[in-house]
2 protein chains.
Amino acid sequence: METQSLEMVLNEIRTALERDDYPAATKVLEGLLAPDKAELFLELNEEEQSSLLPNLTPEHSAEIFEEIDDQRAAELAQILTDDAVIKIVDEMDPDEAADLLGDIPPEMAQTVLEGIEAPEDILPLMIYPDDSAGGLMTSEFLVLRRNTSAQDAIEAIRHWSPDSEMIYYLFVVDRDKKLCGVVSLRELITASPKSKVGEIMNPDALSVSLETHQEEVARLLAHYDFLALPVVNSEGVLVGVVTVDDVIDVLEEESTEDIQRFGGTEPLHRPYLDTPVLEMARKRIGWLFLLFITATLTGSVMRLFEDELQAVIALAIFVPLLIGTGGNAGSQTTAIIIRSLATEDITAREALRVWWHEARVGLLLGLGMSIAAYVRAITWDTSTSLAITVAISTLGIVLWATGVGSLLPLLAARFGIDPALVSGPVMSTLVDATGLLIYFTIAGYIIGI
Amino acid sequence: METQSLEMVLNEIRTALERDDYPAATKVLEGLLAPDKAELFLELNEEEQSSLLPNLTPEHSAEIFEEIDDQRAAELAQILTDDAVIKIVDEMDPDEAADLLGDIPPEMAQTVLEGIEAPEDILPLMIYPDDSAGGLMTSEFLVLRRNTSAQDAIEAIRHWSPDSEMIYYLFVVDRDKKLCGVVSLRELITASPKSKVGEIMNPDALSVSLETHQEEVARLLAHYDFLALPVVNSEGVLVGVVTVDDVIDVLEEESTEDIQRFGGTEPLHRPYLDTPVLEMARKRIGWLFLLFITATLTGSVMRLFEDELQAVIALAIFVPLLIGTGGNAGSQTTAIIIRSLATEDITAREALRVWWHEARVGLLLGLGMSIAAYVRAITWDTSTSLAITVAISTLGIVLWATGVGSLLPLLAARFGIDPALVSGPVMSTLVDATGLLIYFTIAGYIIGI
């Protein structure tokens with residue numbers, strides 16, 4: 001929503017709340033689309049949210065619960081009575097309801113499940129982790145049989161009339177409920193009315209299993225430009241459907257996780273301002289501390305060469321420059337490689353080809369930067385031998401950093417570890433210590449200390 | 001496609017190509033979905049691609065051209081005759097065709113435009129930049145009038161029978177072709193056959209203008225879980241439609257750009273192994289060089305305090321540790337802030353709230369890390385005064401890094417600059433020089449050098 005109109009509507013609601021005029025507040029919400037309702041609701045302070053929520057209709061509350069993040073929804077549910085939550089869950093999409101019930105205390109979830117109309121739609125969805133196809137899918141879908149006519153199929157859709165817009169693929173099952181084809185609403189409409197679904201369907205429907213990771217589901221759907229993917233159990237029985245709107249959220253979530261990991265923090269899983277200060281610090285201190293421990297290696301290397309530093313104090317002046325350049329080149333490499341792995345532009349099997357590509361890039365970058373380093377050194381009135389040391393060290397460190405920066409994420413991927421764990425900070429910290437070793441060793445040869 | 005089956009099919013094609021048996025090679029492609037055709041084609045070496053391409057039907061070539069990245073498609077087009085390209089462009093979606101014509105040499109584009117069947121579909125799309133709604137939209141869409149009945153509307157869809165699956169939203173225009181509503185195929189089907197489109201449509205159709213940036217289009221569509229968004233010109237006339245499949249690609253592309261920028265490199269705009277070594281080095285050396293120049297500041301700070309370093313050489317040993325921790329904390333902050341801005345969890349207007357949130361996180365992180373630094377310092381046999389210096393400096397540097405790390409991207413966003421330009425490497429380089437200033441100043445007070 002536009003910021004201006006958001007603020008106007010927000011003021012209307014606040015005025016209504018001050019007068020305890022809940023019908024007026026609800027009326028303002030009524031005209032809005034669900035995502036806007038949620039956005040608006042989150043703009044209210046906690047006190048306003050707690051006073052408004054119990055006075056909303058279950059339909060409005062359900063829309064808000066579906067849109068906001070799972071943890072916040074669970075927190076809000078706990079300020080309501082069990083009866084109120086039951087009514088709201090009845091209105092929610094089964095997949096969102098299952099996520100909510102998984103996040104509230106087990107006793108409350110139990111009570112709600114006993115109270116709702118169709119627990120059989122939600123229960124199966126609660127078994128699978130949120131980040132698998134089973135956790136992502138909805139169990140509300142329409143199945144067709146092969147010998148249904150196109151006309152009857154359209155009639156069935158007309159009578160089923162679901163809330164969701166995502167009814168544009170229909171799935172065809174055999175008598176054992178096993179998936180045997182897919183037909184789009186477009187194909188049903190353009191087919192002659194008497195033709196059988198079995199004749200117009202595509203019998204090679206791509207499907208995923210309940211355990212498939214959400215990122216793989218998303219990549220498949222995005223790769224083929226599909227609007228939905230069927231989910232089957234180990235017997236091939238159709239058990240759910242993942243739709244494109246869920247997949248967009250997954251892709252965004254996975255990109256967010258990758259960027260946060262790459263920045264050297266554990267994924268937050270919540271919007272920034274909704275993440276409490278303590279939780280945020282907890283998610284970040286671990287990596288900071290681990291990197292600190294690794295960074296003490298750099299200090300150890302410097303202590304090892306303390307005598308050399310004492311002899312040629314000018315050596316110390318180039319330390320930040322050299323390890324900085326190495327860290328930056330390594331960070332460039334890992335960012336590119338991690339993203340290429342995520343979008344499947346490259347696979348861990350292509351490690352050798354990637355490494356060779358990156359080695360040549362590293363050589364060019366290293367040569368370019370070593371010239372820059374040499375020029376900087378001589379203009380700082382440094383001795384020629386130190387300038388040569390700095391130039392050769394730069395080349396060596398950039399080559400080393402791009403090499404390690406490309407191989408580490410590929411190795412991680414090969415061993416099934418998230419390559420994004422090889423973050424920028426990890427790269428710079430690793431390159432710091434090893435880069436100094438390279439520098440001091442080269443200095444030893446050239447300056448002879 | 002699964003790696004195994006990909007390799008099998010690839011071998012079949014290679015065998016056919018060795019025998020110059022192009023019909024056989026084409027036959028293998030026929031059974032595949034478009035994205036798989038393209039994936040397979042890209043696995044062939046350049047020689048194989050050049051020999052196969054002129055022997056494919058225009059339909060197959062068009063599918064491949066639509067799937068692969070624009071620059072590669074333009075390169076391939078140039079190995080074909082103008083006539084062959086004309087036939088291929090005739091088969092392509094207008095939006096993809098416009099992108100291709102924009103990337104091939106102007107004279108060739110001119111010849112092709114003169115040869116194709118419907119240049120009027122493509123020409124308007126060529127005016128707008130690739131990354132605007134105008135460049136993203138397709139000009140193939142079906143419009144309805146308000147007084148059309150639901151039944152007639154469905155009949156029109158049946159006869160129009162487009163290639164695309166993306167016909168699930170229909171747009172309603174008035175006699176001046178101005179957009180006045182949207183109706184989904186689901187609503188048309190579930191409505192009574194005689195009811196008028198004007199009665200069932202949603203008159204508040206959200207639309208974007210031709211100039212809207214693709215990222216904003218994508219965010220809007222994702223926010224509302226729509227399948228398509230109409231594009232209108234400055235008079236409100238419907239000129240195109242952006243569909244969800246294009247939007248997924250945009251979101252992926254923007255995430256890729258953000259991660260690459262954050263890693264300290266210009267966006268590559270091509271898959272990793274397709275980016276030539278020289279181009280890759282060119283996109284990376286600029287930032288490396290700029291950061292190097294900034295990093296010489298760090299060297300200057302060290303030169304400024306050369307006497308102090310000479311007096312207490314142990315000071316130098318903590319330099320990498322301190323600036324490393326500052327760089328890491330800053331990199332965490334910018335990663336989180338940049339992504340929050342991209343997903344619109346926070347806006348540049350909320351700078352103060354964000355900064356205050358981050359300041360408290362920074363205080364916790366700084367306190368934690370200063371304890372770690374103190375412990376490390378005393379276990380390295382350092383004097384108590386140096387250990388206290390290191391501990392206080394760590395707190396100061398982390399506070400400074402998280403503060404700068406949160407404000408810089410917010411400021412960038414406020415001034416309309418891409419916040420992802422404040423990359424991890426930029427943060428560490430900035431924090432290196434300023435962090436040292438903090439360290440040496442505190443050392444001056446406490447150790448009294």
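Residue numbers begin at 1 in each chain, while the letters A, B, ... track the order of the sequences. Hydrogens, waters and symmetry mates are skipped; everything else that's a heavy atom, side chains included, is used. If you're wondering where the values come from, they're calculated on a predicted model, not measured in any experiment.
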Which atoms of A/Ile317 come close to chain B, meaning under 4.5 Å heavy atom to heavy atom: side chain ones, backbone ones, both, or neither?
-> both
Check whether any side-chain N or O of A/Thr190 sits under 3.5 Å from a backbone N or O of B/Arg158 as a donor-acceptor pair, and report yes or no.
-> no
Check whether any side-chain heavy atom of B/Asp225 sits under 4.5 Å from a side-chain heavy atom of A/Val244, and report yes or no.
-> no
Measure from the side-chain N and O atoms of B/Thr265 to the backbone N and O of A/Gln332, and report whether any donor-acceptor pair falls under 3.5 Å.
-> no
Under 4.5 Å from a heavy atom of chain A, the part of B/Phe289 involved = both
Turns out that what part of A/Leu33 lies under 4.5 Å from chain B's heavy atoms comes down to side chain
Which pair of non-hydrogen atoms, one from A/Ile248 and one from B/Ala222, has the smallest distance, and what is that distance?
-> CG2-CB, 3.6 Å
Pick from B/Val277, B/Leu206, B/Val319, B/Leu42 with the largest number of heavy-atom pairs that fall under 4.5 Å of chain A | B/Val277
Got more than 12 heavy atoms from elsewhere within 6.0 Å of CG, A/Leu304?
-> yes
When the 4.5 angstrom heavy-atom criterion is applied to A/Leu363 and chain B, the contacting part is neither
More than 12 heavy atoms of other residues, nucleotides or ligands under 6.0 Å from CG of B/Leu278: is that the case?
-> no
Counting heavy-atom pairs under 4.5 Å with chain B, the top scorer among A/Ala191, A/Ser300, A/Gly327 is A/Ser300
Note: A/Ser331 and B/Gly263 closest approach over all heavy atoms is OG-O, 3.1 Å
Check against side chain to side chain contact (heavy atoms under 4.5 Å, CB included), B/Ile285 and A/Met369 = CA-CA 8 Å; B/Ile285 194 105; A/Met369 294 316 294; 4.0 Å; yes
Cut-off 3.5 Å, side chains only: do A/Thr256 and B/Arg339 have a donor facing an acceptor?
-> yes
Do A/Leu251 and B/Leu251 have side-chain heavy atoms sitting under 4.5 Å apart?
-> no
Quick check: does any side chain N or O of B/His357 sit under 3.5 Å from a backbone N or O of A/Pro276, one acting as donor and the other as acceptor?
-> no
Count the heavy-atom pairs under 4.5 Å between each of B/Leu291, B/Asp432, B/Ile346, B/Val354 and chain A, then report the option with the highest count.
-> B/Val354
Go through the steps to decide whether B/Tyr224 and A/Asp36 satisfy the test side chain to side chain contact (heavy atoms under 4.5 Å, CB included), and finish with yes or no.
-> CA-CA 8 Å; B/Tyr224 291 109; A/Asp36 292 335; 2.8 Å; yes
On the 0 to 90° scale, with breaks at 30° and 60°, tag the B/Phe262-A/Phe262 ring pair as parallel, tilted or perpendicular.
-> perpendicular
At their closest point, which heavy atom of B/Ala329 faces which heavy atom of A/Leu288, and how far apart are they?
-> N-CD2, 3.7 Å
Which answer fits A/Thr333, side chain, backbone, both or neither, if we ask what part of it has an atom under 4.5 Å from a heavy atom of chain B?
-> both
Going by heavy atoms in the side chains, are B/Glu252 and A/Ser255 under 4.5 Å from each other?
-> yes
Residue part contacting chain B, namely of A/Phe318, when any heavy atom lies under 4.5 Å | neither
Rounded to the nearest 0.5 Å, the CG atom of B/Leu185 sits from the CG atom of A/Leu188 at a distance of 10.0 Å
Sort out for me which of B/Pro320, B/Ala342, B/Ser428 touches chain A most, counting heavy-atom pairs under 4.5 Å.
-> B/Pro320
Most chain B-contacting option - heavy-atom pairs closer than 4.5 Å, from A/Pro35, A/Ala295, A/Pro425 | A/Pro35
Quick one: do A/Arg360 and B/Met280 satisfy side chain to side chain contact (heavy atoms under 4.5 Å, CB included)? Show the steps, please.
-> CA-CA 10 Å; A/Arg360 285 172 296 161; B/Met280 179 94 78; over 6 Å; no
Output the option from A/Leu436, A/Thr275, A/Thr334 having the highest count of non-hydrogen pairs under 4.5 Å with chain B.
-> A/Thr275
B/Leu273 side, atom CG; A/Ser340 side, atom OG - distance, nearest 0.5 Å | 8.0 Å
If you look at every heavy atom in B/Ala373 and A/Phe292, which pair is closest and at what distance?
-> CA-CZ, 3.5 Å
Give, as side chain, backbone, both or neither, the part of A/Leu365 having an atom under 4.5 angstrom from any heavy atom of chain B.
-> both
For B/Phe305, all residues meeting ring-ring contact (aromatic ring centres under 6.0 Å, His included), sequence neighbours excluded = B/Phe440
Choice from B/Gly362, B/Gly330, B/Ala281 maximising heavy atom contacts with chain A below 4.5 Å = B/Ala281
Sort A/Thr402 into side chain, backbone, both or neither according to what part of it lies under 4.5 angstrom from a heavy atom of chain B.
-> side chain
B/Arg282 versus chain A, heavy atoms under 4.5 Å apart: side chain, backbone, both or neither?
-> neither
dist A/Asn328:CG -> B/Thr429:OG1 (nearest 0.5 Å) comes out at 4.5 Å
Going by heavy atoms in the side chains, are B/Leu321 and A/Thr296 under 4.5 Å from each other?
-> yes
Top contributor to chain A contacts, counting heavy-atom pairs under 4.5 Å, from B/Arg376, B/Arg303, B/Gln260 = B/Arg303
With a 4.5 Å cut-off on heavy-atom pairs, point out which of B/Arg219, B/Arg261, B/Glu350, B/Met427 contacts chain A the most.
-> B/Arg219
From B/Thr343 OG1 over to A/Asp249 CG, what is the distance, rounded to the nearest 0.5 angstrom?
-> 11.5 Å
Under 4.5 Å from any heavy atom of chain A - which part of B/Thr325 = both
Electrostatic pair B/Glu358-A/Arg284, nearest N-O below 4.0 angstrom = yes
Does any heavy atom of chain A fall under 4.5 Å from the side chain of B/Ile259, the backbone, both, or neither of them?
-> both
Got B/Ser184 and A/Tyr168 here, is their nearest side-chain heavy-atom distance under 4.5 Å?
-> yes
Residue part contacting chain A, namely of B/Leu268, when any heavy atom lies under 4.5 Å | side chain
Contact class of B/Ile337 relative to chain A, heavy atoms under 4.5 angstrom | side chain
